[in-house]
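One structure below.
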Amino acid sequence: MADIKEVTNRPNASAITERIAEKGYNYPHLATSAQIQHNLEHQHLWTSIIGEVISGQAEDPNTLNKDPRQPPQEPIPLLSGYPPHRVYTHPDEQLYMLENGIREDDLEPERMFVGQSWTLRHMAAVFDRLPEFKQKAEEHDRSVDPTSMQPGSEDPDPTKAEKLAQYYDKKEKARLTKEWGSQRFLLAMVDKGMGGDGTVAYYVVHEGDVKPRQN
């Protein structure tokens with residue numbers, strides 16, 4: 001009977017494993033965040049990805065009522081970046097664009113935020129901090145390249161430029177009135193169960209009610 005030799009050469013670590021080891025993540029949920037970032041960069045071609053962490057809050061042992069609006073105990077990792085195409089457009093915003101001959105390619109890239117895990121308490125904490133993180137992300141983009149987020153050609157059509165100016169003015173007003181929906185982010189879910197292959201699925205999460213689309 002042939003001798004069975006011990007195999008000493010281990011297979012090379014996957015790109016995900018190397019990424020987690022390189023970043024030095026000590027907590028499982030932060031390691032998951034590294035996997036999601038790798039997926040966004042290499043499968044969905046997102047750019048300018050940056051990370052934030054919402055600090056956890058110590059639980060008061062004397063408090064029996066767990067208010068879902070209170071921050072959770074564990075830190076919440078949050079990623080943001082620019083997808084190559086818009087992830088979501090509100091139906092009323094889409095109608096405005098169609099009526100005014102504005103295409104998605106005419107618009108500035110839109111930074112999208114991505115979170116993971118998830119209870120109502122997590123989501124409430126993210127929505128509470130989104131305005132702050134959006135402002136920090138805008139400051140980051142300006143510091144990297146002030147002109148990198150400018151769309152269109154160097155000599156845009158004057159009529160198109162006027163329509164875009166009106167669109168952005170309308171969009172700012174709609175943001176304040178929530179006419180085109182409220183805040184939103186992507187919820188990332190990683191298949192890590194028994195037999196899971198690490199597939200990452202993304203779902204748009206809205207703050208408040210959402211107007212249904214008409215097909």
Side-chain angles (χ1 to χ4, degrees), residues 36-37 39-54 76-116 123-188 201-215:
I36 293 170
Q37 180 173 348
N39 180 265
L40 290 172
E41 287 179 346
H42 298 286
Q43 182 169 343
H44 298 284
L45 305 180
W46 283 38
T47 57
S48 301
I49 298 179
I50 58 178
E52 297 284 353
V53 177
I54 299 176
I76 303 175
L78 197 65
L79 298 170
S80 71
Y82 288 97
H85 304 286
R86 273 197 167 191
V87 174
Y88 175 86
T89 301
H90 189 276
D92 291 341
E93 180 180 1
Q94 187 176 44
L95 178 60
Y96 180 95
M97 292 170 61
L98 289 172
E99 291 175 343
N100 290 274
I102 298 175
R103 302 177 303 169
E104 181 182 320
D105 293 341
D106 298 325
L107 304 178
E108 296 177 1
E110 186 174 69
R111 181 174 285 276
M112 195 73 187
F113 285 76
V114 184
Q116 67 196 52
M123 294 182 184
V126 171
F127 281 128
D128 287 343
R129 298 290 296 277
L130 267 185
E132 172 191 341
F133 290 148
K134 286 179 179 179
Q135 183 176 358
K136 291 174 65 175
E138 290 173 359
E139 294 173 355
H140 169 270
D141 291 337
R142 288 194 295 267
S143 67
V144 173
D145 184 354
T147 63
S148 62
M149 295 297 110
Q150 298 300 322
S153 61
E154 296 181 358
D155 185 22
D157 176 57
T159 303
K160 175 72 71 174
E162 182 180 357
K163 288 184 177 181
L164 287 174
Q166 294 174 352
Y167 163 81
Y168 286 117
D169 182 62
K170 171 68 175 177
K171 187 175 180 66
E172 177 59 22
K173 293 178 180 177
R175 183 186 67 82
L176 297 174
T177 62
K178 300 182 180 180
E179 179 183 350
W180 288 351
S182 187
Q183 299 186 111
R184 55 182 174 265
F185 65 87
L186 286 182
L187 170 61
Y202 299 92
Y203 301 88
V204 180
V205 178
H206 298 263
E207 183 180 34
D209 297 331
V210 182
K211 181 176 182 178
R213 291 184 178 275
Q214 294 181 356
N215 296 327

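Residue numbers count from 1 along this sequence.
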Can you name the closest pair of heavy atoms from [X] and [Y] and give their distance?
{"X": "Pro131", "Y": "Asp128", "value": "CD-O, 3.8 Å"}
{"X": "Ala125", "Y": "Ile54", "value": "O-CD1, 3.8 Å"}
{"X": "Leu130", "Y": "Phe185", "value": "CD1-CD2, 4.4 Å"}
{"X": "Lys160", "Y": "Gly101", "value": "NZ-O, 2.7 Å"}

Is [Y] close to [X] at the side-chain level, that is, under 4.5 Å between some pair of heavy atoms?
{"X": "Leu78", "Y": "Phe133", "answer": "yes"}
{"X": "Ile50", "Y": "Leu79", "answer": "no"}
{"X": "Leu107", "Y": "Tyr168", "answer": "yes"}
{"X": "Gln37", "Y": "Trp46", "answer": "no"}

Quick one: list whatever passes side-chain hydrogen bond (donor to acceptor under 3.5 Å, both in side chains) with [X], sequence neighbours left out.
{"X": "Gln94", "answer": "Arg213"}
{"X": "Ser182", "answer": "Glu207"}
{"X": "Lys178", "answer": "none"}
{"X": "Gln43", "answer": "Asn39"}

Tyr82-Asp141 side chain donor-acceptor pair, cut-off 3.5 Å: yes
Any donor-acceptor N/O pair, Arg111 side chain to Glu138 backbone, under 3.5 Å: no
Roughly how far, to the nearest 0.5 Å, is the [atom2] atom of [Y] from the [atom1] atom of [X]?
{"X": "Met123", "Y": "His206", "atom1": "CE", "atom2": "NE2", "result": "11.5 Å"}
{"X": "Thr89", "Y": "Tyr96", "atom1": "OG1", "atom2": "OH", "result": "14.5 Å"}
{"X": "Asn100", "Y": "Asp106", "atom1": "CG", "atom2": "CG", "result": "11.5 Å"}
{"X": "Lys134", "Y": "Met112", "atom1": "NZ", "atom2": "CE", "result": "8.5 Å"}
{"X": "Glu172", "Y": "Thr177", "atom1": "CD", "atom2": "OG1", "result": "10.0 Å"}
{"X": "Leu164", "Y": "Asp169", "atom1": "CG", "atom2": "CG", "result": "12.5 Å"}

Residues that Phe113 engages under ring-ring contact (aromatic ring centres under 6.0 Å, His included), provided they are two or more places apart: none
ring-ring contact (aromatic ring centres under 6.0 Å, His included) partners for Tyr202, two or more places apart: His44
Residue of the set Lys173, His90, Lys170 for which side-chain hydrogen bond (donor to acceptor under 3.5 Å, both in side chains) holds with Glu179: Lys170
Checking [X] now: which residues fulfil salt bridge (Lys or Arg N to Asp or Glu O under 4.0 Å) with it, not counting sequence neighbours?
{"X": "Glu139", "value": "none"}
{"X": "Asp209", "value": "none"}
{"X": "Arg86", "value": "Glu93, Glu110"}
{"X": "Arg184", "value": "none"}

Contact list for residues 44-54, test salt bridge (charged side-chain N to carboxylate O under 4.0 Å, His left out), sequence neighbours left out: Glu52-Lys136
Partners meeting side-chain contact (heavy atoms from CB on, under 4.5 Å) with Glu162 (sequence neighbours left out): Gln166
